[in-house]
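Reading through the C-alpha cells given below for one structure.
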Amino acid sequence: MSLTIEFLGHSGFILTDGTHVLVIDPYLSGNPVAVKTPESITCDYIALTHGHSDHIGDTVAIATRNNATVVASFEIANMMSDSGVKKIEPINHGGRIATAFGWIAFTHAFHSSSYQGTYMGMPCGIVAHIGGKTFYHCGDTGLFGDMALIGEIYKPDVAAIPIGDRFTMGAELGTRAAEMIGAPIAIPIHYKTFDLLAQTAEGFSPSGITVKELAPGESVSLP
Ligand code: NI
Ligand code: MN
C-alpha cells in the first residue's frame, strides 16, 4: 500500500494508491498556476471541500468524462446531479462513507460556501484514507481548536493546510494548525495563486513537522 499525492496548484490534489484515483478541488480552467488541463485528468472519485469556484473548478467536466463519483455536501451533490453528474455521494460534517479505495470523512471548516450566488451548504474539510494512508485536506478555513481533535481521531499522515491569508489562515495561524493536527507532513495550500493571497510559504514552520512545499505538478509519495 502506498499513496502518491500530486499537487494541482491552489487547493487541488490528485491522490492515488496505484489503482484508484481521488481528485480534490480540481480548479484548473482559469487557474493562473495550473499546469494540467481538465482533459488530462483520469479519476474515479472527486471530493469537494466547498462551493466556491476556485474549488469546484472543472468538476462537472472531469466527472462527466470519467463517470467519476462526486463526494460533496448535500447541496453541492444536488447541484452536480442537476449538472448531469451521474454518480454522487452526498455527505456532511462528521459523516464518513466507504469508497473503493478506503473511506472519506468530512470535517468542519470555518469559511463560507456558495456557487454562482446559490448557497452550497457548509464548507468542509476532507479526510481521505487511501493507499493505507490518511490525508487531511483542511479546505478553506480559519483556525479552530477542534483541529487538534481531528488530528487525535483520524491521525492523518499528511495535512494540507491553507496559509494564503485573507480568506483563510495565514502562515502564522497555519503553523498553529499544523502543530495542532500533528500530521508528520504538512503541505501548504491556497497561497500564491492570486495577487490577493500571500506569495510565499515563508513563516509556515510548524515545529517537529516536515513542510513539503509542492509546486503545481509536483508529487510526494508515501510508501
Ligand atoms: Ni473558498
Ligand atoms: Mn478558496
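Scope of the values below: all heavy atoms of this structure, side chains included, with no hydrogens, waters or symmetry mates. Atoms within each ligand, like the ligands themselves, are counted from 1 in listed order.
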Fill in: NE2 (H50) to the Ni ion (ligand 1) to ND1 (H52) angle, given to the nearest 10 degrees
90°
Worksheet item: Which atom, among the N/O/S set of D54, is closest to the Mn ion (ligand 2)?
Response: OD2
Worksheet entry | Donor + acceptor pair across side chains of H108, D146 (<3.5 Å) | no
Fill in: Pair F204 and Y191, ring centroids less than 6.0 Å apart
no
Worksheet item: Is it true that H93 and F106 have ring centroids separated by less than 6.0 Å?
Response: no
Fill in: side chain to side chain contact (heavy atoms under 4.5 Å, CB included) between K36 and L8, intermediate numbers included
CA-CA 7 Å; K36 288 214 153 169; L8 291 172; 4.1 Å; yes
Discussion item. Just to confirm my numbers, could you give the angle made at the Mn ion (ligand 2) by NE2 of H55 and OD2 of D140, rounded to 10°?
Written reply: 90°
Fill in: For the Ni ion (ligand 1), the closest N/O/S atom belonging to D140
OD2
Worksheet item: Would the number of heavy atoms belonging to other residues, nucleotides or ligands and lying under 6.0 Å from CD of E218 be above 12?
Response: yes
Item to complete: Using 2.8 Å as a strict upper limit, say whether an N, O or S atom of H52 approaches the Mn ion (ligand 2) that closely.
Response: no
